[in-house]
Amino acid sequence: MGGIKLENTITEANKKNITLNTKIYFKQSLWQKIKYNKSSYILMAPYMTLFFIFTVLPVIMSIGLGFTYFNMLQMPRFRGWHNYARMLLDDDIFLIAVKNTLIFAFITGPISYVLCFLFAWLINDLPVRLRSVVTTIFYAPSISGQAFTIWIFIFSPDAYGIVNGFLIKWGVIKEPVEWLLNPRYNMGVLILVQLWLSLGAGFLAFIAGLQTVDRNLYEAGSIDGVKNRFQELWYITLPSMVPQLLFGAVMQIVASFAVSEVSIRLAGFPSTEYSAHTVVTHIMDYGMIRYEMGYASAMAGVLFIAMIITNRIVTGLLKKVGH
Amino acid sequence: MRFKVIKLFFSIFIVILLLLLQAQIFKINVFADKNHKISMPGFSKLTSYDEYIKRYINAGKPEIEIVVPGVKYTCSENADVSVLKSFEGRRDVLEWRNEEGWVEWEVEIPQTGLYNLALAYYPIKGRGRDIEFELNVNDEVPFEGALKFEFGRVWRDETEVISDNQGNELRPRQIEAPRWLENAFIDTEGVYNEPYMFYFKKGRNTIKLKAIREPIVIDYIKIFNEKTLPTYEEVAGTYKNISYKFVDDLIIKVQAEKAYLKSHPVLHPLFDKSSPKTEPYHPNKIRMNTIGGGNWRYPAQWISWEFDVPQDGFYKIGMRYRQNQVRGFFTTRKIYIDGKIPFKEMNNIDFPYGINWQLKILGDDNPYLFYLTKGRHEIKMEVTPGYISETLRIVQDSIYKLNYIYRKIIMITSVQPDIYRDYYLEKEIPDLITTFNEVEKTLRAEAFRLEKVIGKKGTEAVLLLRIAEQLKSLAEHPETIPERLNKYKDNISALAAWILKIKEQPLELDYILIQSPQSSFKRVKENIAEKIVHEFRAFIGSFFENYNNVGNRYETSKSLNVWIGTGRDQASILKSMIDDLFTPKTGISVNLSLVQGALLQATMAGKGPDIALTVGRGEPVNLALRGAVEPLDKFNGFDEITKRFMNTAMVPYELRGHYYALPETQIFFMMFYRKDIFDELGLKPPDTWQDFYDIAPVIQRNNMQLGLPYLAVDAYSLIGMGMGAQSILPTLMLQNGKNFYNDEKTETTFSDPISYKAFKEWTNFYTQNSFPLFKDDYNRFRTGEMPITIAHYSFYNMLAVAAPEIKNMWDMVPIPGIENDDGTINRTTSASGSSSIILSSARDKYAAWEFLKWWSSAEVQARFGNEAEGIMGPAARYTPANKEAFMGIPWSYKEQKLLLKQWHNVVEIPEIPGGYITQRNIDNAFRAVVFRWQNPREVLNYWNNETNKELRRKRAEFGIDKE
């Protein structure tokens, strides 16, 4: 108690001083303010430089290029809203790509988010040593970048492919099925693979979050009348790990909006009748194959904005956790 | 609390479940992987050598030597033979220039018996491959192995190892060092240690040689029997009679990379950066410091070294070697000193497996002593199958039998049997059970023998035992065969793969030591401290090395910058050719960099090259549209240069009347079929599509398949490969006289009824005739599951190199065509390939054009192809677009004729703005028909409209229609 009192007295003593400083501070010009806070700016500088060069600048450039015709070799030519008009009105395949991206974002995203959390929650109760082993197993697919190519063998269109082999052996099918090339099946397979892949960074963050929850709170909760584990989860665990939940959500959104490599490697590029085309593969198609960087940049800008909006919504939802 | 326990159990359960699942996936994956490496010999109709010998075993081996001079041949046909009065120091020899026909000799044999044969010959300049003959004795092929004998050449390094101006050592060029040779007729497949023996009856016999490949000068054919060698003990017994001066600590070290002579150009110096004890050593720069390795693995490959002995005396021999490829086994060498095998033990010197460099002392714990006189000596090491040759042979024979049974089974049950049905296989195939029992016994015996040879239990023999076990149970319960057929097939493949693996005899040498008996051998392994220092220096050095560079670097402003997208070996060959031939002649220096892709990005950034080689075929037009490449037709002599290529070869590189690239390679389809299976089924390879349709049901009735090329579309590889070689559709269209685009190149032709017919025919192969769409040509062709397939002609090299067990059992012929009214057959096909371009940003365009002229010339292309093949083996055979260069590539005369026949019928498909969309949409239409049974006319129409829309859009983008 004594400590707090002492603190209070110090605050009281300084209050006047601080108000005075604030007044002076707001009167100063920007340059003076920067000078005043120069240590903060210096500490921030290395990160901000990199962030600006490698993140902010490309985004600005890409938004700018979105209004031009640019074939990568000749100077960009200004085209106004033409690219956007074309995207929304004259590009059927873009709509397919948007549809597939939304499927990934709103189906695999939430499912994998919930799964991540469930697994993390279950694994968290394992003995420490076993827990680290299991964590590694779950996290492995996301570390070993190209590991999903194993699914190419599993869903190979050859009669000797693994799934085909078994299904033929068990008499379910007679002829091999082109799992990844047939538009009837490929999205299903991709969703499955994406789920398997996405137990990554989010999952790790959840495990970390679960371990930082203060054990005392559970005790306090049980005194206050928490009846079961689910109440414990909702009223104590989740609210205590909102930062991790947020991090996981952001990662998940970015991952599911940016599905491309999986689609390209498994379903082909382009996939049959563009059935597994996502916005990012569409961007790559225009950027790297048709050399229409302007149009590709416009699409990238749209995708970027869609991501930001989704991010806002999810952040809003997560604030409701525990209430 | 109770909840917590339940949750704990639940979690553990899930974890175990997932673990099992992963293990399962892993297991399945391993099995799938094996499936992709299936190798299974077919069966042959000729007598095997074992049977041949068994037949004549009592004939005896008379110690008689008969020499038949080459010039005394009795008759010949189609062979361009002439008698040379004097040649390279010998008189009256027979020169055989063309690679065709046959020559026959008559010989009086005084006594019936088995004899060895040897040929004394001089390998005259050809195309650098081994000389090949078929041998007939008394007008018959005596046994299967006689279908092809190989007679080697002699090679050497052209120069000492020299360095480029970056401090990296360059591999010396390998050139021929021809001389008179006398080689026995031996097995080069690695299953017989001893030279072949041939049965001759008393009296007049004939020996006939049929040319397969390469010209030769023959001095004589020798009929003889080899004398048996003494053992080391016997030789050592004679040592005490020799008086010599005692030498104490004499050590002669011969660096293995400085070989004196070698049998093949693949045995070139290598560089090893893994050990700091390898001599010479540098942590980052390339040092040519070892020889052999994986390149030195086939029987009859030899390397020899020369060394000077300062003093008469006894010496022991050791070498620093590494054999880290054949796990758990040893590889074997035969060692000659001064051209002779000194004693019996030197026939089989084994080099055990180990991850690191090791020391091998001849004689191991009791080193053999060799008496060497003062002066120059030669040591020669030759690959030999060694102790395991008999095992190899017997297991191979077992594979023949198992494979034969497999084929009999699938003819009844198909590859996907109904597992709920009893096929009564043991009654349908009478020798089923007996074969299984017999093979089981053999495999067990061989496993036992192997264990004895290696001296360890349970290593390599496990596979044999496992298969024996399966065979036993299959023989006991034949009703389970349908269910276990796949496992059975996997086992045969595993066995075949195992044989291929242990048959190979790789060995890498660093240096050879010749030391006096009392001296001790120095340590050859690095210790931990040395290893750490080495790794650290290598790591630091990696920051300062530019690994993209190839060879000498010149000041960039005055020299051409050339990019090449091949492997490092080809790039080094090209670089040394440039430095040898191009720069001295023209005074233009060249910097060569090894860069894959990134051409567009580099050009955009202004860091692009002046010239790019091995550019994909869609690239030139794409870049030309955006003004990034230079039109070549404005240069001097362009018209002359284009005559180097086939008529339509320039088509894909044309845009608006200008040409933007020169073709470099060109590759097209050929048809491959299994002769043995076709004979068995009484079929002939199809000449027309009608024939093809006629044989299809026969093959399919026997549960086998026919293969047509199909590559699933990938937008990136389309830019690289173009559309010509993706599927059989362009071929079908071209044979009906339709190209993909109209003559103005403004629209596709798919709305035309002829194109529709071709499209329909193409889809029918898969929908109505149920050809497999996805398949592994190589494996199914080997097993015989797919006895006929159409593939790129480079498939030939793959089969020639990696499918030795079906050697002589398959053939390559032109693809089927459509019969014209005059009875000729129209075999038109499309092609794929790469090209060379000059970028618009090139500073000195005339120098760049000089370079392209030089690079596309026949002499340069042929030499490049041959050197690449020499260094990397026939699997890397070059496919030049230059007509004359093609003649210099080591195809046999017969193969060359067939390839040319097809090549003259190649019609290229143009590349146009937006061309990427065409193949994509054709494939969409194709898949809609094949996967979803849509109406072909409708989908073709729909996707064709989409295609034309995109083409119009692209033309508008570049303002083409306005012109």
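First the proteins, then the strands, lettered A, B, ... as listed; each starts at 1.
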Problem - Atom of B:Gly627, atom of A:Gln74 and distance for their closest heavy-atom approach - result: N-NE2, 4.4 Å
Exercise for the section: Check whether A:Ile264 gets within reach of chain B through its side chain, its backbone, both or neither, counting any heavy atom under 4.5 Å. Expected result: neither
Practice task
Answer with side chain, backbone, both or neither: which region of A:Tyr69 has an atom nearer than 4.5 Å to a non-hydrogen atom of chain B?
Solution key: side chain
Practice task
Give, as side chain, backbone, both or neither, the part of B:Asp923 having an atom under 4.5 angstrom from any heavy atom of chain A.
Solution key: neither
Handout entry: Residue pair B:Ala928 / A:Glu273: nearest heavy atoms and the distance that separates them
Key = CB-OE2, 3.5 Å
Fill in the blank from the handout: Closest non-hydrogen contact found for A:Met288 with B:Ile719 is O-CD1, 4.5 Å
Practice task
Drop me the distance from A:Ile289's CD1 to B:Tyr916's OH, to the nearest 0.5 angstrom.
Solution key: 9.0 Å
Exercise for the section: Answer yes or no: does atom CZ of A:Phe54 have more than 12 heavy-atom neighbours from other residues, nucleotides or ligands under 6.0 Å? Expected result: no
Problem - Backbone N/O of A:Thr272 and side chain of B:Asn924: donor-acceptor pair under 3.5 Å - result: no
Practice task
To the nearest 0.5 angstrom, please state how far the CZ atom of B:Arg927 sits from the CG atom of A:Leu181.
Solution key: 4.5 Å
Problem - Part of A:Glu178 within contact of chain B (heavy atom distance under 4.5 Å) - result: side chain
Problem - Contacting region of A:Arg131 [heavy-atom separation from chain B under 4.5 Å] - result: neither
Problem - Region of B:Ala925 that comes under 4.5 Å of a non-hydrogen atom in chain A - result: neither
Handout entry: Ion pair check, B:Asp714 and A:Arg265, cut-off under 4.0 Å
Key = no
Exercise for the section: Would you check, one step at a time, whether the test salt bridge (Lys or Arg N to Asp or Glu O under 4.0 Å) holds for A:Asp90 with B:Arg953? Expected result: CA-CA 12 Å; A:Asp90 197 27; B:Arg953 197 176 69 78; over 6 Å; no
Problem - For chain B, the option from A:Val133, A:Val177, A:Asn182 that forms the most heavy-atom pairs under 4.5 Å - result: A:Asn182
Handout entry: Euclidean distance, A:Asp92 CG relative to B:Glu946 CD, rounded to 0.5 Å
Key = 6.5 Å
Fill in the blank from the handout: With chain A, the option among B:Phe926, B:Trp943, B:Phe774 that has the most non-hydrogen atom pairs under 4.5 Å is B:Phe774
Practice task
Check whether B:Ile917 gets within reach of chain A through its side chain, its backbone, both or neither, counting any heavy atom under 4.5 Å.
Solution key: side chain
Handout entry: Non-hydrogen atoms of B:Arg626 and A:Asn71 that approach each other most closely
Key = CG-ND2, 3.3 Å
Problem - Heavy-atom pair count under 4.5 Å with chain A, highest-scoring of B:Met604, B:Lys954, B:Arg920, B:Gln601 - result: B:Arg920
Exercise for the section: Would you check, one step at a time, whether the test side-chain contact (heavy atoms from CB on, under 4.5 Å) holds for B:Glu957 with A:Tyr291? Expected result: CA-CA 11 Å; B:Glu957 180 186 334; A:Tyr291 298 146; over 6 Å; no
Practice task
Tell me, for A:Pro183 versus chain B, whether the close heavy atoms (under 4.5 Å) come from the side chain, the backbone, both or neither.
Solution key: side chain
